[in-house]
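Read the structure below first, then the notes.
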There are 2 protein chains.
Amino acid sequence: MKEKLRKQYEARAKIAKAMAHPSRLLMLDLLQKQEMCVGELTEQVGADQSTVSKHLAILKEVGLIDVRKAGALSYYRVTCGCLDGFFSCMETVLLSDVKGRQKSLK
Amino acid sequence: MKEKLRKQYEARAKIAKAMAHPSRLLMLDLLQKQEMCVGELTEQVGADQSTVSKHLAILKEVGLIDVRKAGALSYYRVTCGCLDGFFSCMETVLLSDVKGRQKSLK
DNA sequence: TTTGTACTTGGTAATATGGCAATATAGCCA
DNA sequence: TGGCTATATTGCCATATTACCAAGTACAAA
């Protein structure tokens, strides 16, 4: 059954796609350190509140973040503890990419 | 200097974006196990060869893969060894997401 | 040089994404 | 209830992605 594999890659791609935006990466980074409400995030990100809300919906949709509602406030936080691995791997790729480009310039 | 941080998130987002497609994830998975030429990948992915070639260019652009040319053939391979961490984290998110959804249905 | 194989690149149409403004919804307090 | 604050949703537009076909390049064998 090859169908199942394809669906698995699609599911993974959704997660990667959810992370494929600088604002959302910043938000994940912030929310990993501590939970924050939309207003705080909006200030940090520096975009329109509606835009931030949309980004949050995307991250929540794939399960990367979760909400806790307290009155009129929505506190978001990261659900998984493995994001640091993601980020450090990205840094590795970025660094080796720089090295690779330098080598190819010689 | 907040500018520098923003650029870092943009750089990371490019990597995430490069991975944000099921075919490219499959290709990364395959190329991590062994290097392959475009023809072999095309067969595995099941898309047009030009499409596969473009996906490869995207992955190469961000430094996730590298080429080795042997005559008329182009052998691609993954450059970094930390992709397994990526994939397993994605699985974690997917699993916890399923659990979360089940819980919210109760 | 001609022919064939292996890739890559350019063109194009369909679809998806990202941003802001405007509007809607929800909780709180007077 | 009415008004205020905090979020979420919707509409619309500009831009980005993706896929395929067609055309182009590169290497190799004849």
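Every chain is numbered from 1, with letters handed out A, B, ... down the list of sequences.
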| message | Without decimals, in angstroms, what is the distance between B:R68 CZ and D:dA26 C1'? | response | 17 Å
| said: Nearest whole Å is fine: how far is D:dT17 C1' from A:K17 NZ? | reply: 8 Å
| remark: When rounded to whole Å, the CG to P distance for the pair B:L59 and C:dC7 reads 16 Å
| request: Find the distance A:L73:CG to D:dA8:C1' and express it as a whole number of Å. | output: 14 Å
| request: Map B:S23 and A:L56 onto DNA chain D by nearest heavy atom, then report which one ends up closer to the 5' terminus. | output: A:L56
| note | Against the side chain of B:S74, the closest entry in C:dT8, D:dC20, C:dA22 is C:dT8
| request: Report the nucleotide, chosen from C:dG11, C:dC7, C:dG18, that has the shortest atom-to-atom distance to any side-chain atom of A:K54. | output: C:dG18
| task | Mind calculating the distance between CD (A:E10) and P (D:dT18) to the nearest angstrom? | result | 13 Å
| query | Is the A:F86 ring parallel, tilted or perpendicular to the B:F86 ring (thresholds 30°, 60°)? | reply | perpendicular
| Where the side chain of B:S50 is defined as all heavy atoms beyond and including C-beta, which of D:dT17, D:dT7, C:dT9 is the nearest nucleotide? | C:dT9
| query | Charged N to carboxylate O under 4.0 angstrom, B:K14 versus B:E61? | reply | no
| message | If the cut-off is 4.0 Å, is A:H55 near the phosphate of C:dG19, judged by side-chain N/O to OP1 or OP2? | response | yes
| request: Locate the shortest heavy-atom distance separating A:V93 from B:C80; write the atom from each residue and the value. | output: CG2-SG, 3.7 Å
| message | Side chain of B:D48, heavy atoms from C-beta onward: which of C:dC7, D:dA19, D:dC21 has the nearest atom to it? | response | D:dC21
| query | Between A:G71 and B:V52, which is nearer to the 5' end of DNA chain C once each is assigned its nearest nucleotide? | reply | B:V52
| Is there a side-chain contact between B:L64 and B:L28, using heavy atoms and a 4.5 Å cut-off? | yes
| field | Nearest listed nucleotide, side chain of A:K69, among D:dA8, C:dA21, D:dT18 | value | D:dA8
| query | Do B:Q32 and B:D84 have side-chain heavy atoms sitting under 4.5 Å apart? | reply | yes
| D:dA8 phosphate, OP1 or OP2: any side-chain N/O from A:Y76 under 4.0 angstrom? | yes
| field | Closest to the B:H21 side chain, choosing from C:dA6, D:dT18, D:dT17 | value | D:dT18
| query | Side chain of A:Q49: nearest nucleotide among C:dA6, C:dG18, D:dT7? | reply | D:dT7
| field | Between P of D:dC27 and OH of B:Y75, the distance in whole Å | value | 16 Å
| Taking the side chain of A:S53 as heavy atoms from C-beta outward, which of D:dT9, C:dA6, C:dT9 is closest to it? | D:dT9
| request: Report the distance from atom CD of B:E40 to atom P of C:dA6, rounded to the nearest whole Å. | output: 11 Å
| Whole angstrom value for the distance that separates C1' of C:dC7 from CD of B:E43 | 16 Å
| task | Compare the minimum distances between each of C:dT8, C:dC20, D:dC20 and the side chain of B:T51, then state the nucleotide with the smallest one. | result | D:dC20
| request: With the side chain counted from C-beta on, respond yes when B:L26 and B:V45 share a heavy-atom pair under 4.5 Å apart, and no when they do not. | output: yes
